[in-house]
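Data first, discussion second: the structure below is written as C-alpha coordinates.
Side chains are part of it too, since the values below use all heavy atoms of this structure and drop only hydrogens, waters and symmetry mates. Chain letters run A, B, ... following the sequence lines, proteins first, then strands; residues in each count from 1.
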There are 2 protein chains.
Amino acid sequence: MSLMAATQQVKRRATNQGAAVKEALAAEDTFRSAQDVYATLRANGEKIGLSTVYRHLQIFVDDGLADVIHKPDGESTYRLCGDASTTHHHHLVCRSCGKAVEIEGPAVETWADKVAAQNGFTDVNHTVEIFGLCAACAA
Amino acid sequence: MSLMAATQQVKRRATNQGAAVKEALAAEDTFRSAQDVYATLRANGEKIGLSTVYRHLQIFVDDGLADVIHKPDGESTYRLCGDASTTHHHHLVCRSCGKAVEIEGPAVETWADKVAAQNGFTDVNHTVEIFGLCAACAA
DNA sequence: GTCATAATGGGAACGATTCCGAATAAGACG
DNA sequence: CGTCTTATTCGGAATCGTTCCCATTATGAC
(Lines give C-alpha, C1' and ligand atoms only; values in the text may rest on other atoms or scores of the structure.)
Protein backbone atom coordinates (compact mmCIF):
# COMPACT_ATOMS: atom_id res chain seq x y z
CA MET A 1 0.00 0.00 0.00
CA SER A 2 2.67 2.45 0.96
CA LEU A 3 4.40 1.62 -2.28
CA MET A 4 1.52 2.71 -4.40
CA ALA A 5 1.22 6.37 -5.20
CA ALA A 6 -1.99 7.91 -3.97
CA THR A 7 -2.88 9.02 -7.44
CA GLN A 8 -2.55 5.51 -8.87
CA GLN A 9 -6.17 4.47 -9.23
CA VAL A 10 -7.45 1.00 -9.81
CA LYS A 11 -10.30 0.29 -12.15
CA ARG A 12 -13.55 0.67 -10.25
CA ARG A 13 -17.19 0.24 -11.11
CA ALA A 14 -19.48 3.22 -10.77
CA THR A 15 -22.25 2.45 -8.33
CA ASN A 16 -25.06 4.46 -6.79
CA GLN A 17 -23.76 3.74 -3.32
CA GLY A 18 -20.29 4.96 -4.09
CA ALA A 19 -21.69 8.18 -5.51
CA ALA A 20 -23.98 8.60 -2.53
CA VAL A 21 -21.14 8.32 -0.06
CA LYS A 22 -19.08 10.84 -1.98
CA GLU A 23 -22.00 13.25 -2.17
CA ALA A 24 -22.67 12.94 1.51
CA LEU A 25 -19.08 13.88 2.23
CA ALA A 26 -19.02 16.64 -0.34
CA ALA A 27 -22.11 18.23 1.17
CA GLU A 28 -20.22 19.29 4.28
CA ASP A 29 -16.79 20.73 4.93
CA THR A 30 -16.55 18.83 8.17
CA PHE A 31 -14.92 15.60 9.20
CA ARG A 32 -17.58 12.97 9.57
CA SER A 33 -17.55 9.45 10.93
CA ALA A 34 -18.61 6.40 8.97
CA GLN A 35 -21.51 5.83 11.32
CA ASP A 36 -22.56 9.43 10.86
CA VAL A 37 -22.48 9.24 7.08
CA TYR A 38 -24.35 5.96 7.18
CA ALA A 39 -27.08 7.41 9.40
CA THR A 40 -27.44 10.43 7.15
CA LEU A 41 -27.75 8.35 4.01
CA ARG A 42 -30.31 6.04 5.54
CA ALA A 43 -32.27 8.99 6.85
CA ASN A 44 -32.25 10.26 3.28
CA GLY A 45 -33.81 7.04 2.13
CA GLU A 46 -30.67 5.72 0.49
CA LYS A 47 -30.42 1.99 0.23
CA ILE A 48 -26.95 1.26 1.51
CA GLY A 49 -25.23 -0.92 4.05
CA LEU A 50 -22.79 0.10 6.75
CA SER A 51 -20.08 -2.13 5.29
CA THR A 52 -20.39 -0.32 2.00
CA VAL A 53 -19.97 3.05 3.63
CA TYR A 54 -16.80 1.90 5.34
CA ARG A 55 -15.56 0.38 2.11
CA HIS A 56 -15.99 3.54 0.08
CA LEU A 57 -14.56 5.76 2.77
CA GLN A 58 -11.45 3.61 2.80
CA ILE A 59 -11.26 3.70 -0.98
CA PHE A 60 -11.37 7.48 -0.95
CA VAL A 61 -8.49 7.53 1.45
CA ASP A 62 -6.50 5.05 -0.60
CA ASP A 63 -7.11 7.10 -3.73
CA GLY A 64 -6.07 10.28 -1.99
CA LEU A 65 -9.50 11.83 -2.32
CA ALA A 66 -10.16 12.04 1.38
CA ASP A 67 -8.29 12.71 4.60
CA VAL A 68 -8.79 10.86 7.85
CA ILE A 69 -8.54 12.15 11.36
CA HIS A 70 -8.70 9.91 14.37
CA LYS A 71 -10.58 11.60 17.13
CA PRO A 72 -9.25 11.29 20.66
CA ASP A 73 -11.94 8.75 21.41
CA GLY A 74 -10.66 6.57 18.62
CA GLU A 75 -13.38 7.17 16.08
CA SER A 76 -12.19 7.79 12.53
CA THR A 77 -13.59 10.76 10.67
CA TYR A 78 -13.34 11.51 6.97
CA ARG A 79 -13.46 14.57 4.77
CA LEU A 80 -12.95 15.04 1.05
CA CYS A 81 -9.87 17.11 0.44
CA GLY A 82 -9.35 19.43 -2.51
CA ASP A 83 -8.26 16.80 -4.98
CA ALA A 84 -5.63 14.16 -5.41
CA SER A 85 -3.11 16.66 -6.71
CA THR A 86 -3.34 18.85 -3.65
CA THR A 87 -0.11 18.84 -1.77
CA HIS A 88 0.40 17.53 1.71
CA HIS A 89 -1.55 19.60 4.22
CA HIS A 90 -3.02 19.57 7.69
CA HIS A 91 -6.23 20.69 9.32
CA LEU A 92 -7.59 23.19 11.73
CA VAL A 93 -10.63 21.48 13.15
CA CYS A 94 -13.47 22.81 15.24
CA ARG A 95 -13.76 20.66 18.32
CA SER A 96 -17.45 21.42 18.53
CA CYS A 97 -18.96 21.25 15.05
CA GLY A 98 -16.18 19.43 13.22
CA LYS A 99 -15.76 22.16 10.64
CA ALA A 100 -12.28 21.93 9.17
CA VAL A 101 -9.99 24.31 7.36
CA GLU A 102 -7.12 23.00 5.29
CA ILE A 103 -3.85 24.57 6.28
CA GLU A 104 -0.26 24.31 5.16
CA GLY A 105 2.91 24.68 7.11
CA PRO A 106 5.99 24.22 5.01
CA ALA A 107 8.13 25.10 8.00
CA VAL A 108 6.61 22.27 9.99
CA GLU A 109 7.40 19.77 7.29
CA THR A 110 11.05 20.66 7.16
CA TRP A 111 11.27 20.87 10.92
CA ALA A 112 9.81 17.39 11.28
CA ASP A 113 12.22 15.93 8.78
CA LYS A 114 15.18 17.63 10.38
CA VAL A 115 14.31 16.48 13.90
CA ALA A 116 13.79 12.95 12.68
CA ALA A 117 17.10 12.91 10.82
CA GLN A 118 18.97 14.25 13.84
CA ASN A 119 17.70 11.30 15.83
CA GLY A 120 18.56 8.76 13.21
CA PHE A 121 14.98 8.12 12.15
CA THR A 122 14.14 7.33 8.55
CA ASP A 123 11.02 6.76 6.48
CA VAL A 124 9.37 9.64 8.29
CA ASN A 125 5.84 10.92 8.19
CA HIS A 126 3.88 12.97 10.67
CA THR A 127 0.48 14.03 11.85
CA VAL A 128 -0.36 17.59 12.77
CA GLU A 129 -3.87 18.57 13.71
CA ILE A 130 -4.94 21.77 15.36
CA PHE A 131 -8.16 21.71 17.37
CA GLY A 132 -10.10 24.68 18.59
CA LEU A 133 -13.47 26.38 18.60
CA CYS A 134 -14.53 28.09 15.40
CA ALA A 135 -15.94 31.61 15.57
CA ALA A 136 -19.49 30.35 15.15
CA CYS A 137 -19.24 27.81 17.97
CA ALA A 138 -17.45 30.21 20.31
CA ALA A 139 -20.75 32.03 20.82
CA MET B 1 -12.16 17.83 34.03
CA SER B 2 -10.74 20.34 31.66
CA LEU B 3 -11.09 22.89 34.41
CA MET B 4 -8.75 21.06 36.73
CA ALA B 5 -5.05 21.70 36.32
CA ALA B 6 -3.07 18.64 35.42
CA THR B 7 -0.94 19.01 38.49
CA GLN B 8 -3.92 19.10 40.83
CA GLN B 9 -3.85 15.64 42.34
CA VAL B 10 -6.63 14.01 44.23
CA LYS B 11 -5.96 11.93 47.30
CA ARG B 12 -5.23 8.40 46.20
CA ARG B 13 -4.49 5.18 48.01
CA ALA B 14 -1.18 3.52 47.37
CA THR B 15 -1.72 0.05 45.97
CA ASN B 16 0.56 -2.64 44.65
CA GLN B 17 -1.24 -2.62 41.35
CA GLY B 18 -0.85 1.07 40.85
CA ALA B 19 2.87 0.82 41.55
CA ALA B 20 3.20 -2.15 39.25
CA VAL B 21 1.62 -0.32 36.35
CA LYS B 22 3.88 2.66 36.87
CA GLU B 23 6.96 0.46 37.05
CA ALA B 24 6.00 -1.36 33.92
CA LEU B 25 5.76 1.93 32.07
CA ALA B 26 8.92 3.30 33.63
CA ALA B 27 10.87 0.25 32.52
CA GLU B 28 10.67 1.23 28.87
CA ASP B 29 10.98 4.47 26.97
CA THR B 30 8.37 3.32 24.51
CA PHE B 31 4.69 3.96 24.12
CA ARG B 32 2.82 0.87 25.21
CA SER B 33 -0.78 -0.17 24.96
CA ALA B 34 -2.91 -1.12 27.93
CA GLN B 35 -3.19 -4.67 26.64
CA ASP B 36 0.56 -4.82 26.28
CA VAL B 37 1.22 -3.59 29.81
CA TYR B 38 -1.38 -5.99 31.14
CA ALA B 39 0.20 -8.94 29.35
CA THR B 40 3.65 -8.01 30.62
CA LEU B 41 2.49 -7.72 34.20
CA ARG B 42 0.66 -11.04 34.11
CA ALA B 43 3.67 -12.69 32.51
CA ASN B 44 5.68 -11.34 35.42
CA GLY B 45 3.32 -13.06 37.80
CA GLU B 46 1.64 -9.86 38.93
CA LYS B 47 -1.88 -10.27 40.20
CA ILE B 48 -3.77 -7.57 38.38
CA GLY B 49 -6.86 -7.17 36.25
CA LEU B 50 -7.17 -5.54 32.87
CA SER B 51 -9.66 -2.98 34.17
CA THR B 52 -7.15 -1.90 36.77
CA VAL B 53 -4.45 -1.36 34.18
CA TYR B 54 -6.77 0.85 32.16
CA ARG B 55 -7.79 2.73 35.26
CA HIS B 56 -4.25 3.54 36.32
CA LEU B 57 -3.16 4.47 32.85
CA GLN B 58 -6.00 6.94 32.68
CA ILE B 59 -5.12 8.30 36.11
CA PHE B 60 -1.54 8.91 35.01
CA VAL B 61 -2.80 10.85 32.06
CA ASP B 62 -5.19 12.87 34.20
CA ASP B 63 -2.40 13.66 36.62
CA GLY B 64 -0.10 14.69 33.81
CA LEU B 65 2.36 11.90 34.51
CA ALA B 66 1.90 10.18 31.19
CA ASP B 67 1.31 11.04 27.57
CA VAL B 68 -1.05 9.22 25.24
CA ILE B 69 -0.70 8.61 21.56
CA HIS B 70 -3.46 7.14 19.49
CA LYS B 71 -1.99 4.88 16.90
CA PRO B 72 -3.43 4.98 13.39
CA ASP B 73 -5.23 1.72 14.08
CA GLY B 74 -6.98 3.36 16.97
CA GLU B 75 -5.16 1.71 19.83
CA SER B 76 -4.10 4.02 22.65
CA THR B 77 -0.53 3.85 23.85
CA TYR B 78 0.95 5.37 26.98
CA ARG B 79 4.35 6.50 28.14
CA LEU B 80 5.51 8.22 31.29
CA CYS B 81 6.77 11.67 30.46
CA GLY B 82 9.54 13.48 32.33
CA ASP B 83 7.35 14.81 35.08
CA ALA B 84 4.29 16.95 35.54
CA SER B 85 6.33 20.15 35.40
CA THR B 86 7.79 19.32 32.02
CA THR B 87 6.59 21.75 29.44
CA HIS B 88 4.46 20.92 26.49
CA HIS B 89 6.25 18.65 24.06
CA HIS B 90 5.75 16.19 21.25
CA HIS B 91 7.19 12.86 20.23
CA LEU B 92 9.25 11.24 17.58
CA VAL B 93 8.04 7.66 17.61
CA CYS B 94 9.46 4.55 16.00
CA ARG B 95 6.73 2.96 13.96
CA SER B 96 8.28 -0.44 14.49
CA CYS B 97 9.41 -0.74 18.10
CA GLY B 98 7.49 2.15 19.64
CA LYS B 99 10.61 3.81 21.01
CA ALA B 100 9.90 7.49 21.54
CA VAL B 101 12.01 10.59 21.84
CA GLU B 102 10.57 13.69 23.41
CA ILE B 103 10.98 16.69 21.17
CA GLU B 104 10.14 20.34 21.35
CA GLY B 105 9.23 22.74 18.62
CA PRO B 106 8.59 26.24 19.87
CA ALA B 107 8.14 27.39 16.30
CA VAL B 108 5.36 24.90 15.77
CA GLU B 109 3.51 26.10 18.84
CA THR B 110 3.49 29.69 17.73
CA TRP B 111 2.66 28.73 14.17
CA ALA B 112 -0.33 26.71 15.34
CA ASP B 113 -1.63 29.53 17.48
CA LYS B 114 -1.19 32.05 14.70
CA VAL B 115 -2.97 29.95 12.09
CA ALA B 116 -5.83 29.28 14.47
CA ALA B 117 -6.19 32.96 15.32
CA GLN B 118 -6.19 33.95 11.66
CA ASN B 119 -9.15 31.66 11.11
CA GLY B 120 -11.05 32.89 14.11
CA PHE B 121 -10.50 29.79 16.19
CA THR B 122 -10.09 30.01 19.95
CA ASP B 123 -9.33 27.66 22.82
CA VAL B 124 -6.69 26.00 20.67
CA ASN B 125 -4.60 22.94 21.25
CA HIS B 126 -2.85 20.65 18.84
CA THR B 127 -1.31 17.26 18.31
CA VAL B 128 1.97 16.75 16.55
CA GLU B 129 3.52 13.34 16.28
CA ILE B 130 6.34 12.29 14.02
CA PHE B 131 6.56 8.66 13.05
CA GLY B 132 9.52 6.92 11.48
CA LEU B 133 11.92 4.03 11.80
CA CYS B 134 14.60 4.34 14.44
CA ALA B 135 18.19 3.53 13.53
CA ALA B 136 17.99 0.16 15.24
CA CYS B 137 14.84 -0.92 13.43
CA ALA B 138 16.03 0.38 10.06
CA ALA B 139 18.42 -2.55 9.86
C1' DG C 1 -28.82 -10.13 -24.37
C1' DT C 2 -25.22 -12.79 -21.93
C1' DC C 3 -21.55 -13.46 -18.82
C1' DA C 4 -17.75 -12.83 -15.64
C1' DT C 5 -17.00 -10.76 -11.64
C1' DA C 6 -16.87 -6.39 -8.89
C1' DA C 7 -19.84 -4.54 -5.51
C1' DT C 8 -23.31 -4.97 -2.04
C1' DG C 9 -25.46 -5.76 2.54
C1' DG C 10 -26.48 -7.69 6.80
C1' DG C 11 -25.25 -10.32 10.32
C1' DA C 12 -21.49 -12.61 12.68
C1' DA C 13 -16.93 -11.89 14.45
C1' DC C 14 -13.44 -9.03 16.57
C1' DG C 15 -10.61 -6.21 19.45
C1' DA C 16 -10.16 -2.39 22.43
C1' DT C 17 -12.29 -0.20 26.13
C1' DT C 18 -15.85 0.58 29.63
C1' DC C 19 -19.16 -0.81 32.93
C1' DC C 20 -20.94 -3.28 37.03
C1' DG C 21 -21.29 -5.16 41.42
C1' DA C 22 -19.58 -7.97 44.94
C1' DA C 23 -15.17 -8.93 47.33
C1' DT C 24 -10.84 -6.96 49.10
C1' DA C 25 -7.65 -4.12 51.39
C1' DA C 26 -5.62 0.72 52.53
C1' DG C 27 -5.59 4.08 55.90
C1' DA C 28 -7.66 6.58 59.81
C1' DC C 29 -8.90 6.36 64.45
C1' DG C 30 -9.04 4.77 68.98
C1' DC D 1 -3.42 -4.00 67.63
C1' DG D 2 -8.67 -4.26 66.19
C1' DT D 3 -12.36 -1.90 63.82
C1' DC D 4 -14.57 0.60 60.41
C1' DT D 5 -15.12 3.33 56.23
C1' DT D 6 -14.69 3.36 51.64
C1' DA D 7 -11.32 3.52 47.77
C1' DT D 8 -9.72 -0.05 44.96
C1' DT D 9 -9.79 -4.33 42.69
C1' DC D 10 -11.18 -7.87 39.33
C1' DG D 11 -13.39 -10.58 36.05
C1' DG D 12 -16.99 -11.11 33.20
C1' DA D 13 -20.63 -8.89 30.72
C1' DA D 14 -21.70 -5.13 27.82
C1' DT D 15 -20.50 -1.48 24.36
C1' DC D 16 -18.91 0.34 20.28
C1' DG D 17 -16.46 1.06 16.11
C1' DT D 18 -14.77 -1.59 12.52
C1' DT D 19 -13.81 -5.74 9.79
C1' DC D 20 -15.00 -10.12 7.87
C1' DC D 21 -17.78 -13.51 5.35
C1' DC D 22 -20.52 -14.96 1.66
C1' DA D 23 -24.68 -15.51 -0.81
C1' DT D 24 -27.05 -12.17 -3.78
C1' DT D 25 -27.10 -8.30 -7.01
C1' DA D 26 -25.84 -5.42 -10.66
C1' DT D 27 -22.00 -3.13 -13.66
C1' DG D 28 -19.59 -3.12 -17.79
C1' DA D 29 -17.52 -5.71 -21.62
C1' DC D 30 -18.40 -8.49 -25.57
Side-chain angles (χ1 to χ4, degrees), chain A residues 1 4 8-25 30-63 65-79 98, chain B residues 1 4 8-25 30-63 65-79 98:
Chain A
M1 175 189 70
M4 183 171 60
Q8 172 65 45
Q9 305 227 168
V10 179
K11 182 188 59 161
R12 302 223 148 89
R13 287 185 181 174
T15 66
N16 298 346
Q17 290 87 343
V21 173
K22 183 176 288 188
E23 275 173 37
L25 275 191
T30 64
F31 276 85
R32 309 183 59 196
S33 70
Q35 307 274 355
D36 183 14
V37 170
Y38 173 66
T40 300
L41 290 174
R42 293 299 283 229
N44 265 42
E46 287 289 344
K47 170 104 173 43
I48 193 172
L50 181 55
S51 317
T52 304
V53 173
Y54 274 105
R55 194 177 315 120
H56 281 286
L57 253 20
Q58 190 52 55
I59 286 174
F60 294 158
V61 173
D62 290 346
D63 287 353
L65 297 175
D67 289 328
V68 206
I69 282 187
H70 298 87
K71 295 200 306 184
D73 68 9
E75 196 176 33
S76 297
T77 56
Y78 307 78
R79 176 185 195 265
Chain B
M1 178 191 65
M4 181 170 63
Q8 172 65 45
Q9 305 226 169
V10 179
K11 182 187 62 161
R12 301 224 151 90
R13 286 185 181 174
T15 66
N16 298 345
Q17 290 88 342
V21 173
K22 184 176 287 188
E23 277 174 35
L25 274 191
T30 64
F31 276 86
R32 309 182 59 195
S33 69
Q35 306 275 357
D36 183 15
V37 170
Y38 173 67
T40 300
L41 290 174
R42 293 300 284 230
N44 265 42
E46 287 288 344
K47 171 109 173 43
I48 193 172
L50 181 55
S51 320
T52 305
V53 173
Y54 273 104
R55 192 176 323 116
H56 281 286
L57 252 21
Q58 190 52 56
I59 287 173
F60 294 157
V61 173
D62 290 345
D63 287 354
L65 298 175
D67 289 330
V68 207
I69 283 186
H70 298 86
K71 296 199 305 181
D73 68 11
E75 195 176 35
S76 297
T77 55
Y78 306 80
R79 177 184 193 264

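- With B:Arg42 as the partner, the side chain to side chain contact (heavy atoms under 4.5 Å, CB included) test is satisfied by one option alone out of B:Leu50, B:Ile48, B:Val53: B:Ile48.
- Between B:Ala34 and A:Thr15, the residue anchored nearer the 5' end of DNA chain C, judged by the nucleotide with its closest heavy atom, is A:Thr15.
- Here D:dA14 presents its C1' atom at 14 Å from CG of B:Leu50, a figure rounded to the nearest Å.
- Atoms CG (A:Asp36) and P (D:dG17) sit 11 Å apart, rounded to a whole Å.
- Distance, B:Gln58 CD to D:dA7 P: 19 Å, rounded to whole Å.
- Nucleic acid contact for A:Gln17: sugar-phosphate only, since backbone atoms but no base atoms lie under 4.0 Å from a heavy atom of the residue.
- Taking every side-chain heavy atom of A:Lys47 into account, C:dG9 is the closest of C:dG9, C:dT18, C:dT8.
- A:Glu75 places its CD atom 15 Å from the P atom of C:dT17, with the value rounded to the nearest Å.
- The residue among B:Gly49 and B:Arg13 whose nearest nucleotide of DNA chain D is located toward the 5' end is B:Arg13.
- Within the 4.5 Å cutoff, side-chain heavy atoms of B:Leu57 are placed close to those of B:Leu25.
- Atom CD1 of A:Ile59 and atom P of C:dA6 are 13 Å apart (whole Å).
- Rounded to an integer number of Å, the gap from NE2 of A:His56 to P of C:dA7 is 8 Å.
- Between A:Tyr38 and A:Glu46 there is no side-chain heavy-atom pair separated by less than 4.5 Å.
- B:Lys71 has its NZ atom 10 Å from the P atom of C:dT17, to the nearest Å.
- The shortest distance between side-chain heavy atoms of B:Val37 and B:Tyr78 does not fall below 4.5 Å.
- OP1 or OP2 of C:dT17 has at least one side-chain nitrogen or oxygen of B:Tyr54 nearer than 4.0 Å.
- Rounded to whole angstrom, the span from the CZ atom of B:Arg42 across to the P atom of D:dT9 amounts to 14 Å.
- In this model, no side-chain donor or acceptor of B:Arg12 finds a partner on the base of D:dT8 within 3.5 Å.
- Taking both residues in full, the closest heavy atoms of B:Gln17 and B:His56 are given as C-NE2, 4.2 Å, listed atom of the first, atom of the second, then distance.
- Below the 3.5 angstrom threshold, one finds a donor paired with an acceptor across the side chain of A:Ser51 and the base of C:dG11.
- Judged by distance alone with a 3.5 Å cut-off, a donor-acceptor contact links the side chain of A:Arg55 to the base of C:dG9.
- Among the atoms of the strands shown, only primed sugar atoms or phosphate atoms (P, OP1, OP2) are found under 4.0 Å from some heavy atom of A:Ile48.
- Taking every side-chain heavy atom of A:Ala14 into account, D:dG28 is the closest of C:dA16, D:dG28, D:dG17.
- At the heavy-atom level, A:Ser76 lies under 4.0 Å from the strands shown only through sugar-phosphate atoms.
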